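Got a structure for you, written out below as structure tokens; questions coming shortly.
Since the structure is predicted, the reported quantities are computational estimates derived from the model, not experimental observations. By convention in this document, chain letters (A, B, ...) are assigned in the order of the sequence lines, proteins followed by strands, and residues within each chain are numbered from 1.
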Protein chains: 2
Amino acid sequence: MLSKKTKYGLKALTYLAGQMDNKPVQIAEIAQHENISQKFLESILLSLRKTGFLGSKKGKGGGYYLIKNPKEILMTDVMRILEGPIAMVPCVSLNFYEKCSDCPDEKTCSVHALMLKVRDSALVVYRNNTLADLVIDRS
Amino acid sequence: MLSKKTKYGLKALTYLAGQMDNKPVQIAEIAQHENISQKFLESILLSLRKTGFLGSKKGKGGGYYLIKNPKEILMTDVMRILEGPIAMVPCVSLNFYEKCSDCPDEKTCSVHALMLKVRDSALVVYRNNTLADLVIDRS
DNA sequence: TGTTTACTCTATTAAAAAGATAGGGTAATA
DNA sequence: TATTACCCTATCTTTTTAATAGAGTAAACA
């Protein structure tokens, strides 16, 4: 299941990418427009800023804005920041690999083999979709 | 993240499919061989029996056994029983559809559009893999 | 017929994660 | 210098997951 954090994060990014200019947008505006708890959204936008997707400006007229071109923001990167591993089990994760404690051998594990295929298919989707694609899909 | 329930269920099914004959196998044997909590496995196997994947036999020489041919057990069906929806959001689920309470319009929702693609890619994998494929992969 | 075996079912609980909220702090702007 | 709006930490509730306990019941076999 996709977490609310990821869902909200994607919606916020899409909202920012859909702005005509790239002027700062207040958290309150995004939260209201996308039906998101403002406080929760705060922490999400903060993590997106710390990971280099967003810039922020304080004081009057402040808010968040995109740092990169939406066409250059890959869903693989966004998903990994917001949702964590794309793989469904750590033993097939590229960026968050971890050995399964209960599994004696990955090479003979049926779950491992299946989940590898699932991960690859998800990666194809995320690699072929940028934030710009999400905005276009709205029209 | 894949739940332990699903992981254990898949391993148990694979173990049963890997038996030479189709005689009942005790829960204890499966649990021991696959490093699974026996009591937890009990409930998993029970749900697989109630949904028509397994048969069971009580008393001495009893246990669980596959009802269908492994080649006819699709991963789509197994995953839906064990893990639930294949979709990451209910609004793109085929078998567990539910409208998102926070989303005014699915047609203009960027998350909806992206998750639809992810679901479709996962479905391709699950539809093209049967329990028999999992067993073969072990060799 | 009685004992053993092994599945069946309900209930409880512990741990973890998700989601939401509160409130004070700080930098920038007008 | 007052206001705006982001920044940060802490707390709390709810839900889900995972595991455990224990009594019940059907089948097999001597």
A/S3 and A/E83: side chain donor to acceptor below 3.5 Å: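 The criterion, which ignores hydrogens and geometry beyond distance, is satisfied for A/E83 and A/S3.
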Cation-pi, A/F53 ring and A/K68 (6.0 angstrom, 45 degrees):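 Output yes; distance and angle both within limits.
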A/K23 NZ: over 12 foreign heavy atoms closer than 6.0 Å: no
Residue list, side-chain hydrogen bond (donor to acceptor under 3.5 Å, both in side chains) with A/Q32, at least two apart or on another chain: none
Distance-only side-chain donor-acceptor flag, A/Q26 / A/Y64, under 3.5 Å: no
Whether A/H33 and A/Y15 hold their rings parallel, tilted or perpendicular, with breakpoints at 30° and 60°: tilted
Linked, directly or transitively: B/Y65 and B/V135 (ILVMFWY side chains, under 4.5 Å): no
Candidate list A/L66, A/L13, A/L16, test side chain to side chain contact (heavy atoms under 4.5 Å, CB included), partner A/L48, passing option: A/L13
Terminal contacting nucleotides, 5' and 3', DNA chain D versus chain A (heavy atom, 4.0 Å):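 Boundary nucleotides touching chain A, in 5' to 3' order, are D/dT4 to D/dC8.
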Taking every non-hydrogen atom, the tightest pair across A/K99 and A/P104: NZ-O, 4.3 Å
Start and end of chain A contact along DNA chain C [non-hydrogen atoms, under 4.0 Å]: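 Contact boundaries, 5' end first: C/dG19 to C/dT29.
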Partner of A/T76 under side chain to side chain contact (heavy atoms under 4.5 Å, CB included), chosen from A/I86, A/V125, A/N129: A/I86
Shortest non-hydrogen contact between B/T6 and B/M79, atoms and distance: CG2-SD, 3.8 Å
Touch class at under 4.0 angstrom, heavy-atom based, for B/K50 against every strand present: sugar-phosphate
Sorted by number, the residues of residues 75-105 of chain B with heavy-atom contact under 4.0 Å to DNA chain C: none
Comparing A/R49 and A/G59 on DNA chain D - which has the more 5′ nearest nucleotide: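 Final value for this comparison: A/G59.
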5′-ward residue of the pair A/K58/A/K39 relative to DNA chain C: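 Checking each residue's closest nucleotide, the 5'-ward one belongs to A/K39.
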Contacts of type side chain to side chain contact (heavy atoms under 4.5 Å, CB included), residue B/N95, not counting sequence neighbours: B/R80
Contact list for DNA chain C against residues 41-48 of chain B - heavy-atom distance below 4.0 Å: B/E42, B/L46
Salt bridge (Lys or Arg N to Asp or Glu O under 4.0 Å) evaluation trace for A/D102 with B/K11: CA-CA 11 Å; A/D102 58 305; B/K11 284 194 172 190; 3.5 Å; yes
